[in-house]
**Q** 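This is the structure, below, for whatever I ask next.
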Amino acid sequence: VAILNPSEPIIENNFIRYNDIGIFVDGNRSSRLYVRNNTVYENNTGIKTYMSEPIIINNVIYKNTSGINVTAWLCGASSLCNNASPSIISNLIYNNNRGVIISNSSPLLSENTILKNQESTISISNFAPQITNNNIEASSSILINAGKSDIDAKNNWWGETDASVLDTRVYDTTNDP
């Protein structure tokens with residue numbers, strides 16, 4: 001499913017499987033496209049956004065190479081173009097190679113369950129997404145921050161209470177160059 005320059009469509013109640021990209025939202029950042037109540041599995045990329053602000057809510061995303069891939073473009077001197085920042089809310093994202101990949105965007109990740117993703121759970125390059133009230137459990141790295149901004153990721157459950165164990169699963173360019 002590809003939505004180019006969306007106005008306010010809804011992608012809802014679908015089973016999407018065996019594609020390069022299951023759902024691709026590319027277009028006008030001011031639009032409000034809803035991607036909700038879908039099951040997206042066994043694709044190369046489950047859901048991909050580019051320069052857009054969809055609301056991705058209540059989906060089940062599993063067994064993809066990448067669960068959700070959020071990408072925007074830089075404008076001028078490393079500033080975010082048009083504030084392209086999707087909302088990723090109340091999804092189940094599991095058993096993907098990489099759970100959530102964020103490049104040059106600053107989405108909201110809230111109330112999601114993100115677990116058992118093999119290579120990385122959340123990978124960030126540039127800018128600082130809001131990561132709050134999620135259940136995040138990892139068998140490998142939990143959070144990879146390759147950007148320069150600090151990330152506020154308070155009020156999440158990390159699947160672990162031992163700070164020394166969590167520290168081995170969180171990577172950033174400051175502490176892990």
Side-chain angles (χ1 to χ4, degrees), residues 1-72 84-125 127 129-144 151 153 155-160 169:
V1 177
I3 304 294
L4 308 176
N5 295 316
S7 56
E8 291 193 23
I10 298 172
I11 300 172
E12 183 175 40
N13 298 326
N14 297 289
F15 288 89
I16 300 172
R17 182 179 188 193
Y18 298 142
N19 298 285
D20 182 38
I21 300 172
I23 298 172
F24 181 38
V25 182
D26 178 0
N28 183 346
R29 73 153 197 94
S30 63
S31 62
R32 276 301 190 202
L33 169 101
Y34 288 85
V35 177
R36 65 182 181 213
N37 302 320
N38 297 288
T39 300
V40 183
Y41 62 110
E42 296 180 345
N43 301 285
N44 185 32
T45 300
I47 298 174
K48 180 177 175 110
T49 71
Y50 179 74
M51 297 291 293
S52 57
E53 292 187 316
I55 297 170
I56 301 169
I57 187 167
N58 292 328
N59 298 285
V60 177
I61 303 155
Y62 69 100
K63 290 188 178 178
N64 301 285
T65 302
S66 300
I68 297 179
N69 187 332
V70 176
T71 306
S85 301
S87 297
I88 302 169
I89 304 166
S90 298
N91 297 285
L92 174 57
I93 305 163
Y94 73 101
N95 280 350
N96 300 286
N97 190 26
R98 294 177 302 275
V100 179
I101 300 169
I102 302 166
S103 297
N104 300 327
S105 185
S106 187
L108 166 68
L109 273 77
S110 183
E111 301 176 15
N112 297 288
T113 298
I114 307 169
L115 57 113
K116 297 183 181 177
N117 295 286
Q118 286 74 41
E119 187 178 312
S120 64
T121 303
I122 301 172
S123 179
I124 302 160
S125 63
F127 307 108
Q130 296 174 304
I131 302 173
T132 184
N133 298 318
N134 297 286
N135 175 13
I136 302 169
E137 298 182 32
S139 54
S140 61
S141 62
I142 294 177
L143 182 64
I144 300 171
I151 296 171
N155 300 317
N156 293 290
W157 168 248
W158 299 98
E160 179 65 56
R169 295 183 184 165

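Being a predicted model, the structure only gives us computed values, none of them experimental.
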**Q** Who are the side chain to side chain donor-acceptor pair (under 3.5 Å) partners of N69, not counting sequence neighbours?
**A**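 Testing N69 for side chain to side chain donor-acceptor pair (under 3.5 Å), a comparison that skips the adjacent residues, returns T71.
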**Q** For residues 85-104, which residue pairs pass the salt bridge (Lys or Arg N to Asp or Glu O under 4.0 Å) check, not counting sequence neighbours?
**A**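 Those involving residues 85-104 are R98-E119.
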**Q** Side chain to side chain contact (heavy atoms under 4.5 Å, CB included) with N19: which residues, sequence neighbours excluded?
**A**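 Side chain to side chain contact (heavy atoms under 4.5 Å, CB included) check on N19 returns I16, N43.
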**Q** Using 30° and 60° as the class boundaries, would you call the ring planes of Y41 and F15 parallel, tilted or perpendicular?
**A**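 Y41 and F15: perpendicular rings.
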**Q** side-chain contact (heavy atoms from CB on, under 4.5 Å) with N96: which of I114, N64, T121?
**A**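 It is N64, the one option of I114, N64, T121 that forms the side-chain contact (heavy atoms from CB on, under 4.5 Å) with N96.
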**Q** So, using side chain to side chain donor-acceptor pair (under 3.5 Å) as the criterion, who are the partners of E12 when residues are at least two apart?
**A**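 E12: side chain to side chain donor-acceptor pair (under 3.5 Å) contacts with R36.
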**Q** Mind checking the CZ-CD1 spacing from F24 to I47? Nearest 0.5 Å is all I need.
**A**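 Interatomic distance, F24 CZ to I47 CD1, rounded to 0.5 Å: 13.0 Å.
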**Q** Quick one: side chain to side chain donor-acceptor pair (under 3.5 Å) partners of D20, sequence neighbours excluded?
**A**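 Only N44 meet the side chain to side chain donor-acceptor pair (under 3.5 Å) criterion with D20.
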**Q** Any donor and acceptor pair, going by atom type alone, linking the side chain of N134 with main-chain N or O of N112 inside 3.5 Å?
**A**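 At least one qualifying donor-acceptor pair exists.
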**Q** Would you say the side-chain atoms of N38 and N14 include a donor-acceptor pair closer than 3.5 Å?
**A**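 Note: N38 and N14 side chains meet the donor-acceptor criterion.
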**Q** Could you tell me which residues satisfy ring-ring contact (aromatic ring centres under 6.0 Å, His included) with Y50, sequence neighbours excluded, listed by chain and number?
**A**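 With neighbours one apart ignored, the set is empty.
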**Q** Using the side chain to side chain contact (heavy atoms under 4.5 Å, CB included) rule, take I93 and N59 through it: C-alpha gap first, then chi angles, then the decisive distance, then the call.
**A** CA-CA 8 Å; I93 305 163; N59 298 285; over 6 Å; no
**Q** Taking atom CD1 of I101 and atom NZ of K48, what is their separation to the nearest 0.5 Å?
**A**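 Nearest 0.5 Å value for the CD1-NZ distance: 8.5 Å.
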**Q** For the pair I61 and L92, evaluate side chain to side chain contact (heavy atoms under 4.5 Å, CB included) and give the outcome as yes or no after the intermediate values.
**A** CA-CA 6 Å; I61 303 155; L92 174 57; over 6 Å; no
**Q** Take I131 and I136 through the side chain to side chain contact (heavy atoms under 4.5 Å, CB included) test and state the conclusion after the steps.
**A** CA-CA 10 Å; I131 302 173; I136 302 169; 4.1 Å; yes
**Q** Please report the shortest heavy-atom distance between A72 and S105, naming the atom on each side.
**A**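 For A72 versus S105, the nearest heavy atoms are CB-CB, 4.2 Å.
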**Q** Between W157 and N133, is a side chain to side chain contact (heavy atoms under 4.5 Å, CB included) present by the stated rule, with each step listed?
**A** CA-CA 7 Å; W157 168 248; N133 298 318; over 6 Å; no
